[in-house]
Protein chains: 4
Amino acid sequence: MSTLPRHDHLRADAQRNLDLILAAAAEIFAEQGGEASVAAVAERAGVGTATIFRRFPTKDDLLATIIERRFQRLAEDTRRAAAIAEPGEALRQVMLISIASYVEDRLIAETIGTPLFHRTGLHELWAEVTSYKERALHHAQADGQVRPDVTLADFSLLLAAIGFVGQRLDTDAPDAWRRCLDIVLDGLRPEVARPLFGAPVALRHLAALHDSDEAHR
Amino acid sequence: MSTLPRHDHLRADAQRNLDLILAAAAEIFAEQGGEASVAAVAERAGVGTATIFRRFPTKDDLLATIIERRFQRLAEDTRRAAAIAEPGEALRQVMLISIASYVEDRLIAETIGTPLFHRTGLHELWAEVTSYKERALHHAQADGQVRPDVTLADFSLLLAAIGFVGQRLDTDAPDAWRRCLDIVLDGLRPEVARPLFGAPVALRHLAALHDSDEAHR
Amino acid sequence: MSTLPRHDHLRADAQRNLDLILAAAAEIFAEQGGEASVAAVAERAGVGTATIFRRFPTKDDLLATIIERRFQRLAEDTRRAAAIAEPGEALRQVMLISIASYVEDRLIAETIGTPLFHRTGLHELWAEVTSYKERALHHAQADGQVRPDVTLADFSLLLAAIGFVGQRLDTDAPDAWRRCLDIVLDGLRPEVARPLFGAPVALRHLAALHDSDEAHR
Amino acid sequence: MSTLPRHDHLRADAQRNLDLILAAAAEIFAEQGGEASVAAVAERAGVGTATIFRRFPTKDDLLATIIERRFQRLAEDTRRAAAIAEPGEALRQVMLISIASYVEDRLIAETIGTPLFHRTGLHELWAEVTSYKERALHHAQADGQVRPDVTLADFSLLLAAIGFVGQRLDTDAPDAWRRCLDIVLDGLRPEVARPLFGAPVALRHLAALHDSDEAHR
DNA sequence: GATGAATGAGAATTCATTCAT
DNA sequence: GATGAATGAATTCTCATTCAT
């Protein structure tokens, strides 16, 4: 499942360089998105570009690795949130974590659904994340805190929606999205439910949700 | 107000080519966003790149023209929707039109707030659009159909949010966002209103909403 | 000798256009030099570029024609000055006219000696101009007003030298070159003559004097 | 003061390439002036254009570096010449060096006074050169070898004038300008001085002397 | 005959990727 | 193993020249 290079005995300095690269890449891509240049990553890591390409034959390989690590953290965080006993609180935490992942990291929003996303094992991690969301949603619905006609797809879409605008406003109005979230939360309550448009959307379509902003080379 | 080149009597073939260019550019930029190459536009239009640069001295000029035309249509559509007598219906139509503009055109979401946006007359057209949104929102609030604590900024953010995910899903699940809209509409109803997070956001921050994904030209 | 297109019966409007083109080209090239674009000439003339290329198959042909006409005027002016009876005054006038031709027209200084210069009949006109200079110089020498060791080549070089700096300073210090001229005039007087460096230079080398500033396409 | 990239330990091959680039650029720009293409420099250096852009982010950076090195040499040479004890000989040497700098390098004549000139430290170096010229001129005047009505501006102009024609004739009649210089030197002698035209020119106008032939970058 | 339009070649620059030390 | 260096492909833009109306 992992694309991380695992030369089992990486020399100590090599391992240190790899760590530097991963840290730098995570920062740069989170800040600037996937169009950031490899040179920028190299500079922040304090290594040469060739060192990066030794570990990651392709820029996309580097991107995939970064994303994968991010997803692992996201999966773990989401799992923990979904395990909260009180269904409403679990739901709320899951939502906050999901939205925050978009807000804090441009790469996440850009990558899911791209060729990159499908070429690596990312969608399996994504499926895992989704399963935790599902659990939280269903518990809340079973508990009567969320209207039953809302599907997992609807739920995920709403999170992405709020995450996207949150990301765009992160520097100028960092908390603006929280008011949107509150409105959406009110809209999820069963007391007000009016019938929803059309038929439920298949979850598999949601991969496209995160198509990169540009054609992927 | 228009940046469109208006050599009042453009030769028939030239006018045809200009139309081809505008159509191709609108399509390409709508699909791929503003980073699409001029060459891509030229190819789809069936002309050489130099032909485009004859009409539009700069790529930004082309982008500005495309955007401006799109905004004019948007402003007109929104005006008409906001003029509908029944406040709830007016609001619904305004929302649909606004979201659709994001869904159908990547360039719109990318451009607002960028230097391009400020260099041309775009922000005036945008202010016009915003004023129609405001009218629709306030009428609906005065009529008791929308909770009073929702501001124009909240409202605009929600539209952008739904628009963003709608755009991403446009090819794979074209109507998926409509269910999100319904949920949000329910969240806007006064009878469910729970207090919103923090203080209202100033509208001017929303410019950043649409900041381009790359370093601003 | 002339490269001017001589369709013997040019329609009245065509002749008018040709005149407009010649006038505009003379202005533009005098101001901006030979790198000025054909489009710039067309615009100032109020005609289309194709109209220019109908008369002048090549930009170089246009340049040659402009230069030729300028040289004709220069030849006539120099002839008249050289005909002045008093040798010192004749010399002075010839010098002023020669220098002024450089100062007022960037094209002149740029063109002589280039492939362009040799491809057309320009060097014959130039020879004519030179012959008038020669007459003025020799008269002044015969009259004892100019040292006898100064050759026609030396004399021409000095004029070009002062002309070049005059041109560069034309806008910022329009008369600065006149002080240089006075110093040179003093240097030409016989009473101060000390022996000159090396052997006299062959006149034919002076064509190179005016090599264009850029490689000629 | 230097714009030369000084990665203190440039790898041997890189240093060799950098030297090749600098040498090629100095040659090409000296021969063809600043409009020469980077590709032409790259070809002569035997490297790709991108290699040049790695060291010099901008063509102007390359130009500035080349010019600066040339100016440093010029300043040193002029300083040395101005330090010669015998005032007449010092003056003569200063003049020869100044003129030779124009003759050998088109870039020098083109650059002074342009934005490039002001953006880099060039004008300070130029001011230094000018101060040496001034010293040589004033010594010669104090010693009675040069007429007192000649200003530093006049002097500089004469050098530029001879330098310009010398440059044009460099290949065809390499020493022709020396005879001009001798005539000018005679014109500078006090014994023959007749009053000069108009008022002295301010030195600052002379910047324009060297304005590039094309629209300033 | 005249014109605006179209184009192809070239220029500066950037960047992922490969190579030599 | 690591690195800085080299490069080729792509991008925006310009301009002399040819073409279609």
Side-chain angles (χ1 to χ4, degrees), chain A residues 7 10-15 17-18 35-42 46-60 62 217, chain B residues 7 9-18 21 35-40 42 46-62 217, chain C residues 7 10-15 17-18 35-42 46-60 62 217, chain D residues 7 9-18 35-40 42 46-60 62 217:
Chain A
H7 315 276
L10 218 44
R11 251 169 44 183
D13 56 343
Q15 181 62 53
N17 269 345
L18 180 53
E35 318 94 341
S37 77
V38 174
V41 174
V47 304
T49 58
T51 307
I52 296 183
F53 281 101
R54 159 173 293 275
R55 298 282 167 229
F56 307 95
T58 272
K59 185 186 178 182
D60 273 3
L62 174 58
R217 289 157 293 273
Chain B
H7 317 281
H9 282 300
L10 214 45
R11 235 167 54 188
D13 57 342
Q15 182 63 57
R16 210 177 48 78
N17 267 345
L18 179 53
I21 290 169
E35 320 92 343
S37 77
V38 175
V47 303
T49 59
T51 304
I52 294 182
F53 282 106
R54 152 173 277 277
R55 299 283 168 221
F56 305 95
T58 275
K59 185 186 176 180
D60 272 4
D61 291 327
L62 175 57
R217 282 165 291 272
Chain C
H7 314 276
L10 219 42
R11 250 168 45 183
D13 57 343
Q15 182 62 51
N17 269 346
L18 180 53
E35 317 95 342
S37 78
V38 174
V41 174
V47 304
T49 58
T51 307
I52 296 182
F53 281 100
R54 160 174 293 274
R55 298 285 168 225
F56 307 95
T58 272
K59 184 186 179 183
D60 273 2
L62 174 58
R217 290 157 293 274
Chain D
H7 316 280
H9 282 301
L10 213 45
R11 233 169 52 188
D13 57 343
Q15 182 63 55
R16 211 178 48 80
N17 266 345
L18 179 54
E35 320 93 343
S37 77
V38 174
V47 303
T49 59
T51 305
I52 295 182
F53 282 105
R54 152 173 277 276
R55 299 278 169 227
F56 306 95
T58 273
K59 184 185 176 182
D60 272 3
L62 175 57
R217 283 165 290 272

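Values in this document were obtained by computation on a predicted structure and should not be read as measured data. Chain identifiers are assigned alphabetically (A, B, ...) following the order of the sequence lines, protein sequences preceding nucleic acid strands; residue numbering begins at 1 within each chain.
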Of the candidates dA16(F), dA2(E), dT13(E), the side chain of V38(C) sits closest to dA16(F)
Whole-Å distance, E35(A) CD to dC15(E) C1', equals 13 Å
Side-chain contact check for R54(C): nearest option of dA16(F), dA12(E), dG1(E) is dG1(E)
To the nearest angstrom, the CZ-P distance between F53(C) and dT17(F) comes to 5 Å
Separation between OG1 (T51(A)) and CZ (R54(A)), nearest 0.5 Å, reads 8.0 Å
Atom CG of L62(B) and atom C1' of dC13(F) are separated, to the nearest Å, by 13 Å
Heavy atoms of G48(A) and A42(A) approach each other most closely as C-CB, 4.0 Å
Its dot-bracket string being built from Watson-Crick and G-U pairs below 3.5 Å, with | for another strand and [ ] for crossing, DNA chain F has the pattern .||||||||||||||||||||
Against the side chain of V47(C), the closest entry in dA12(E), dT3(E), dT17(E) is dT3(E)
Please tell me if R55(B) has a side-chain N or O lying less than 4.0 Å from either OP1 or OP2 of dG4(E). no
Separation of dT12(F) atom C1' from D60(B) atom CG, nearest Å, is 11 Å
| request: Without swapping roles, check the side chain of T58(B) against the backbone of D61(B) for a donor-acceptor pair under 3.5 Å. | output: no
Interatomic distance, CD1@I52(C) vs CG@L18(C), rounded to 0.5 Å, equals 10.5 Å
Worksheet item: Contact class for S37(C) vs. all strands (heavy atom < 4.0 Å): base, sugar-phosphate, or nothing?
Response: sugar-phosphate
From CZ of R16(B) across to C1' of dA5(E) the rounded distance in Å is 12 Å
note: I21(B), atom CD1; dA5(E), atom P; distance rounded to Å ~ 11 Å
note: I52(A), atom CD1; dC15(E), atom P; distance rounded to Å ~ 14 Å
DNA chain E nearest-nucleotide lookup for P57(D) and G48(B): closer to the 5′ end is G48(B)
Assign each of T49(B) and T51(D) the nucleotide of DNA chain F bearing its closest heavy atom; nearer the 5' end lies the nucleotide of T51(D)
Shortest non-hydrogen pair, R55(A) vs A14(A), comes out as NH2-CB, 3.4 Å
Does a side-chain N or O of N17(A) approach OP1 or OP2 of dG1(F) to a distance below 4.0 Å, or not?
no
Comparing nearest nucleotides in DNA chain F, the 5'-proximal residue of the pair A50(B), A39(B) is A39(B)
note: K59(D), atom NZ; dC13(F), atom C1'; distance rounded to Å ~ 15 Å
Indicate, with a heavy-atom threshold strictly under 4.0 Å, whether T58(B) touches base, sugar-phosphate, or nothing. sugar-phosphate
Rounding to 0.5 Å, atoms CZ (F53(B)) and CD1 (I21(B)) come to a distance of 11.0 Å
